[in-house]
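Below is one structure, written out as structure tokens, with a few remarks after it.
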Amino acid sequence: MKKQLLLLLITILSINCYAQISFEKGYYIDNSNQKVDCLIKNIDWKNNPTEFEYKLTEHSSKKTATIKTIKEFGIYNISKYSRQTIDIDRSSNIMSEISNDKNAILKKEQLFLKVLIEGKANLYSFEDGSLNRYFYSKDDSKIQQLIFKRYLSIDNKIGENNRYQQQLWTDLKCSTFKISKIKNVDYKKNELIKFFVEYNECNSQEFTNFEEKQKKDLFNLSIRPGINNSSLSIQNAITSYNNTDFDNELGFRLGIEGELIMPFNKNKWAVIIEPTYQYFKSEKKLTGRSNKVDYKSIELPIGIRHYFFLGDNAKIFINGSFIFDLSGNSNFDFGSGANLEIKSKNNLAFGLGYKHNDKYSLELRYQTDRDLLSNYLYWSSNYNTLSLIFGYSLF
């Protein structure tokens with residue numbers, strides 16, 4: 001079974017090269033200010049790109065354009081990137097790397113800035129790993145970084161340089177804006193977008209909110225009933241008298257899955273958590289006696305899911321999870337009063353599935369061995385489960 005799942009996984013990953021990222025209608029402007037309509041490979045960049053792939057027609061070969069030759073490119077109704085030579089502070093906000101200098105250390109770089117708001121006042125973003133920086137301009141003014149920096153103060157406390165709030169207060173005036181409003185704007189994309197939208201509206205200016213065009217449903221809640229095919233064996237290291245291989249049993253499982261879609265890379269990645277009720281009940285008749293097991297638990301799988309798009313309404317997914325198992329009122333009954341209480345260890349699970357219309361799903365999931373007798377020194381067990389899970393998204 002493990003080899004078969006591995007073969008399926010390799011097959012699905014090979015499909016990924018062809019099926020999940022599409023070329024979408026867009027354009028680029030080159031160094032001679034020539035605008036060219038084309039098809040751009042939309043990978044929904046998490047980090048700002050330095051190049052992109054495009055095709056002039058549906059059936060033409062792929063080409064690569066770089067920041068050296070392109071001044072601007074965009075995917076219609078989705079995103080826009082503008083090449084700018086700007087001053088940027090790359091000071092780290094990671095605790096172990098924070099410096100004692102509260103001032104931004106600006107260095108000139110040529111970057112593709114992502115356009116978030118375009119209007120009388122423009123908002124841009126740049127992301128590179130854990131680095132997030134925001135930039136702005138008003139009318140035809142020079143693009144500047146909105147300055148925010150964490151630093152280590154003299155008394156070893158974390159301080160914040162919130163100069164961006166002064167920049168907003170000085171440069172983006174509106175009769176209804178109070179200083180208290182500015183101080184409540186955090187250095188976060190959604191809050192800055194909201195502020196720039198309000199500023200453009202206050203000045204009765206037309207503007208484009210590119211993030212609004214990309215608005216995505218980033219959380220799904222699904223009910224997931226299914227069937228478990230489980231096997232269980234127990235062994236004692238000293239005596240084999242009660243060693244038992246229980247028969248494979250079919251059992252019902254019921255889960256509620258929360259899925260948080262990551263807002264980049266075309267919604268291909270998600271974090272999943274699925275509290276699940278499951279049970280295993282079996283009896284094995286031995287010579288002159290019978291051994292029984294009654295095992296009930298709440299599983300809590302937490303994991304990562306990756307989607308492979310087959311079309312607008314169809315996608316395949318794989319996921320891996322770490323399962324916390326909370327067993328209760330469960331035991332092995334040997335019929336002689338020497339029962340064993342079940343206390344389970346955690347284990348892993350790997351799934352392969354199909355989702356249709358973002359509503360219905362079917363998943364085959366394999367769990368690695370789980371020990372149900374972790375409290376006993378000389379006892380061990382192997383509990384394996386293969387599940388067929390049906391899913392229905394509530395929202």
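Just so it is clear, the structure is predicted and the values come from calculations on it, not from any experiment. In this chain, numbering begins with 1 at the start of the sequence shown.
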Point to revise | Phe309 and Tyr307 aromatic ring geometry - parallel, tilted or perpendicular at 30°/60° bounds | key: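 Ring orientation, 0 to 90° scale: parallel.
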Review point. So Phe322 and Phe324, would you call those rings parallel, tilted or perpendicular, with 30° and 60° as cut-offs?
Key: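 Answer is perpendicular, since the angle exceeds 60°.
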Quick test of your reading of the model: are [X] and [Y] salt-bridged, counting only N-O distances below 4.0 Å?
X: Lys315; Y: Asp358; answer: yes
X: Lys281; Y: Glu249; answer: no
X: Lys80; Y: Glu118; answer: yes
X: Glu299; Y: Arg253; answer: no

With distance as the sole criterion, is a donor-acceptor pair present between the side chains of [X] and [Y] under 3.5 Å?
X: Asp30; Y: Ser32; answer: yes
X: Asn346; Y: Asp325; answer: no
X: Asn319; Y: Glu363; answer: yes
X: Asn47; Y: Glu127; answer: no
X: Asn42; Y: Glu24; answer: yes

For [X], check side-chain hydrogen bond (donor to acceptor under 3.5 Å, both in side chains) against everything at least two apart and list the hits.
X: Asp171; answer: Tyr136
X: Ser233; answer: Gln235
X: Asn375; answer: none
X: Ser82; answer: Gln84

Point to revise | With sequence neighbours excluded, residues passing salt bridge (Lys or Arg N to Asp or Glu O under 4.0 Å) with Arg83 | key: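 Per chain and number, Arg83 pairs via salt bridge (Lys or Arg N to Asp or Glu O under 4.0 Å) with no residue.
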Practice item. Could you list the residues that satisfy salt bridge (Lys or Arg N to Asp or Glu O under 4.0 Å) with Asp247, not counting sequence neighbours? Key: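 Asp247 satisfies salt bridge (Lys or Arg N to Asp or Glu O under 4.0 Å) with Lys284 once adjacent residues are dropped.
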Review point. Does the separation of the ring centres of Tyr81 and Trp45 fall below 6.0 angstrom?
Key: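 Tyr81 vs Trp45: aromatic centres under 6.0 Å.
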Give the table of side-chain donor-acceptor pairs shorter than 3.5 Å for residues 68-75, with sequence neighbours excluded, one pair per line with atom names and distance.
residue : atom : partner : partner atom : Å
Thr69   : OG1  : Thr66   : O            : 3.3
Lys71   : NZ   : Asn33   : OD1          : 2.6
Glu72   : OE2  : Tyr27   : OH           : 2.7

Can you confirm whether [X] sits close enough to [Y] that some side-chain heavy atom of one is under 4.5 Å from a side-chain heavy atom of the other?
X: Asn161; Y: Ile147; answer: yes
X: Leu56; Y: Lys63; answer: yes
X: Asn291; Y: Asn242; answer: yes

Point to revise | Within residues 105-194 or reaching into it, pairs that qualify as disulfide bond (SG atoms under 2.5 Å apart) - sequence neighbours excluded | key: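 Applying disulfide bond (SG atoms under 2.5 Å apart) to every pair that reaches into residues 105-194, excluding sequence neighbours, yields Cys174-Cys202.
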Review point. What pairs of residues pass the ring-ring contact (aromatic ring centres under 6.0 Å, His included) test when at least one of them lies in residues 189-208, not counting sequence neighbours?
Key: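 ring-ring contact (aromatic ring centres under 6.0 Å, His included) check on residues 189-208 returns Phe177-Phe195.
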Expected list for residues 386-395: side-chain donor-acceptor pairs under 3.5 angstrom, two or more places apart:
residue : atom : partner : partner atom : Å
Ser387  : OG   : Asn228  : OD1          : 2.6
Ser393  : OG   : Ser222  : OG           : 3.0

Point to revise | Residues which pass side-chain contact (heavy atoms from CB on, under 4.5 Å) with Ser240, listed by chain and number, not counting sequence neighbours | key: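 Applying side-chain contact (heavy atoms from CB on, under 4.5 Å) to Ser240 gives Asn243.
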Check your understanding: When you measure from the side chain of Gln167 to the backbone N and O of Gln145, does any donor-acceptor pair fall under 3.5 Å?
Key ->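 Yes.
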Point to revise | Worked verdict on Thr64 versus Glu51 for side chain to side chain donor-acceptor pair (under 3.5 Å) | key: CA-CA 7 Å; Thr64 299; Glu51 62 182 31; 5.5 Å; no
Practice item. Hey, could you give me each pair passing side-chain hydrogen bond (donor to acceptor under 3.5 Å, both in side chains) that has a residue in residues 186-197? Not counting sequence neighbours. Key: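 Of all non-adjacent pairs touching residues 186-197, those that pass side-chain hydrogen bond (donor to acceptor under 3.5 Å, both in side chains) are Lys189-Glu211.
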Exercise for review: Looking only at non-hydrogen atoms, find the nearest pair between Ser374 and Lys345 and report the distance.
Suggested key: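 Scanning both residues, the minimum pair turns out to be CB-CG, 3.5 Å.
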Review point. Can a cation-pi geometry be assigned to Arg305 and Phe317, taking NZ or CZ under 6.0 Å from the six-membered ring centre and within 45° of the ring axis?
Key: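 Pair Arg305/Phe317 counts as cation-pi.
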